[in-house]
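See below for the structure under consideration.
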Amino acid sequence: MDVKIVSSQEEGAQIALKIFQDQLAKNNASVFGLATGSSPIAFYEAAVNSDIDFTKATSINLDEYVGLDGNNDQSYIYFMKSNLFDKKPFKVNYLPNGMAKDLAAETKRYDQIIDDNPIDLQILGIGRNGHIGFNEPGTPFDITTHVVDLTPSTIEANARFFENKDAVPRQAISMGIGSIMKSKKIILFAYGESKAQAIKDTIEGSVTTHVPASVLQNHNDVTVIIDQAAASLLKNK
Ligand code: GLP
């Protein structure tokens, strides 16, 4: 893994922007896997303020809460529109449909989208427990799109965005680790002390389903962009 320790999220955003620009220079119809959460926000801001052109590109998001529609400001479709898509149009944006009546059919539909549009470059954040997308600890590494029961730790961490803990959805649809690992390139962002243990386990720990992001050690093109606080527990800096 190529670990870049940056002094600000803006600096991290510029590193990622350059990787995106290089990818688009190779193929303006590239497929980008995108993530929500606070970690990629500085990157989306930098993209919006740049002259990057996504109009021929495709995006495929990692996940969506079950039961929230696009009018709900906590849905990931709402997040992506307000942070990126409304300001930087793509040819097409795919997200799981959290309102699907038949969730099993929705996971199959999403797998087909990923198969039809192999991801060139995937962005990831990381949960405090090492989750990626909504692939919680214990999730098999070869899994494809699936419905997830969120762990108490993730519900707790995400409660800050909702009125209270009870308002946090209990389930989500997530791209699987198997699909994430098929992406040709991956960028993982992590900022702040609350991510330090997960980052240490991901980079220096053993590869284990207890820390879903540790699987990234098996991928040959991962850039990890972290600040000093998230890097604070690393032995080798
Ligand atoms: C959520 C998302 C993840 C994200 C994680 C961390 O659980 N499903 O994709 O990486 O939160 O979020 P943040 O970047 O806000 O710390």
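Both ligands and their constituent atoms are indexed starting at 1 by order of listing. Note that these values count all heavy atoms, side chains included, but never hydrogens, waters or copies made by symmetry.
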* For Tyr65 and Phe162, what are the C-alpha separation, side-chain angles and deciding distance, and is it a ring pair (Phe, Tyr, Trp, His ring centres under 6.0 Å)? -> CA-CA 13 Å; Tyr65 287 116; Phe162 292 83; 5.7 Å; yes
Closest protein heavy atom to [atom], given as residue, atom name and distance to 0.1 Å:
{"atom": "atom 6 (C) of ligand 1", "value": "Ile126 O, 3.5 Å"}
{"atom": "atom 14 (O) of ligand 1", "value": "Ser39 OG, 2.5 Å"}
{"atom": "atom 7 (O) of ligand 1", "value": "His131 NE2, 2.8 Å"}
{"atom": "atom 12 (O) of ligand 1", "value": "Gly37 CA, 4.0 Å"}
{"atom": "atom 16 (O) of ligand 1", "value": "Lys195 NZ, 2.5 Å"}
{"atom": "atom 4 (C) of ligand 1", "value": "Thr36 O, 4.3 Å"}
{"atom": "atom 2 (C) of ligand 1", "value": "Tyr76 OH, 3.7 Å"}

Does this structure show an ion pair linking [X] with [Y], if we count only N-O contacts that are shorter than 4.0 Å?
{"X": "Asp22", "Y": "Lys18", "value": "yes"}
{"X": "Glu156", "Y": "Lys165", "value": "yes"}
{"X": "Lys4", "Y": "Asp2", "value": "yes"}

If you measure from each non-hydrogen atom of [X] to ligand 1, which part falls under 4.0 Å: side chain, backbone, both or neither?
{"X": "Ala35", "value": "neither"}
{"X": "Met175", "value": "neither"}
{"X": "Phe79", "value": "neither"}

* Looking at OG1 of Thr55 and NZ of Lys88, how far apart are the two atoms once the value is rounded to the nearest 0.5 Å? ->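 Result: 9.0 Å between the selected atoms.
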* To do: Establish, yes or no, whether a centroid distance under 6.0 Å links the rings of Phe85 and Phe54.
  =>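 Not under 6.0 Å, so no.
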* Asked: Do Tyr110 and Tyr94 have ring centres separated by under 6.0 Å?
  ->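 Centroid separation for Tyr110 and Tyr94: 6.0 Å or greater.
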* **N/O separation below 3.5 Å, Phe134 to ligand 1** =>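 No, there is no polar N/O contact under 3.5 Å.
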* Give yes if a backbone or side-chain nitrogen or oxygen of Asp63 is under 3.5 Å from a nitrogen or oxygen of ligand 1, and no if not. =>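 Between Asp63 and ligand 1, an N or O pair is found under 3.5 Å apart.
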* Asked: Under 4.0 Å from any heavy atom of Gly125, which atoms of ligand 1 are there?
  ->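 In order of numbering, the contacting atoms are 10 (O).
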* Under 4.0 Å to a heavy atom of Ser38 - the qualifying atoms of ligand 1, by number ->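 Here the atoms of ligand 1 in question are 13 (P), 14 (O), 15 (O), 16 (O).
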* Answer yes if the side chains of Asp227 and Gln9 hold a donor-acceptor pair under 3.5 Å, and no otherwise. =>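 The criterion, which ignores hydrogens and geometry beyond distance, is not satisfied for Gln9 and Asp227.
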* Without hydrogens or angle criteria, can the side chains of Gln197 and Asp201 be said to hold a donor-acceptor pair below 3.5 Å? ->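 Yes, because at least one side-chain N or O of Gln197 sits under 3.5 Å from a partner of the opposite role on Asp201.
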* Of the choices Gly133, Ser174, Ser194, Gly192, which has the non-hydrogen atom that lies closest to atom 9 (O) of ligand 1? ->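 Looking at heavy atoms only, Gly133 sits closest to atom 9 (O) of ligand 1.
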* To do: Compute the minimum heavy-atom distance from Arg160 to ligand 1 and say whether it is under 4.0 Å.
  =>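 Flag set, Arg160 near ligand 1.
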* Is ligand 1 less than 4.0 angstrom away from at least one heavy atom of Phe189? ->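 Under 4.0 Å: no for Phe189.
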* So which of Lys185, Gln23, Lys56 actually passes side chain to side chain donor-acceptor pair (under 3.5 Å) with Ser30? ->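 Result for side chain to side chain donor-acceptor pair (under 3.5 Å) with Ser30: Gln23.
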* **Criterion side chain to side chain donor-acceptor pair (under 3.5 Å) on Asp111 and Thr145, from CA distance to verdict** => CA-CA 6 Å; Asp111 280 339; Thr145 307; 2.6 Å; yes
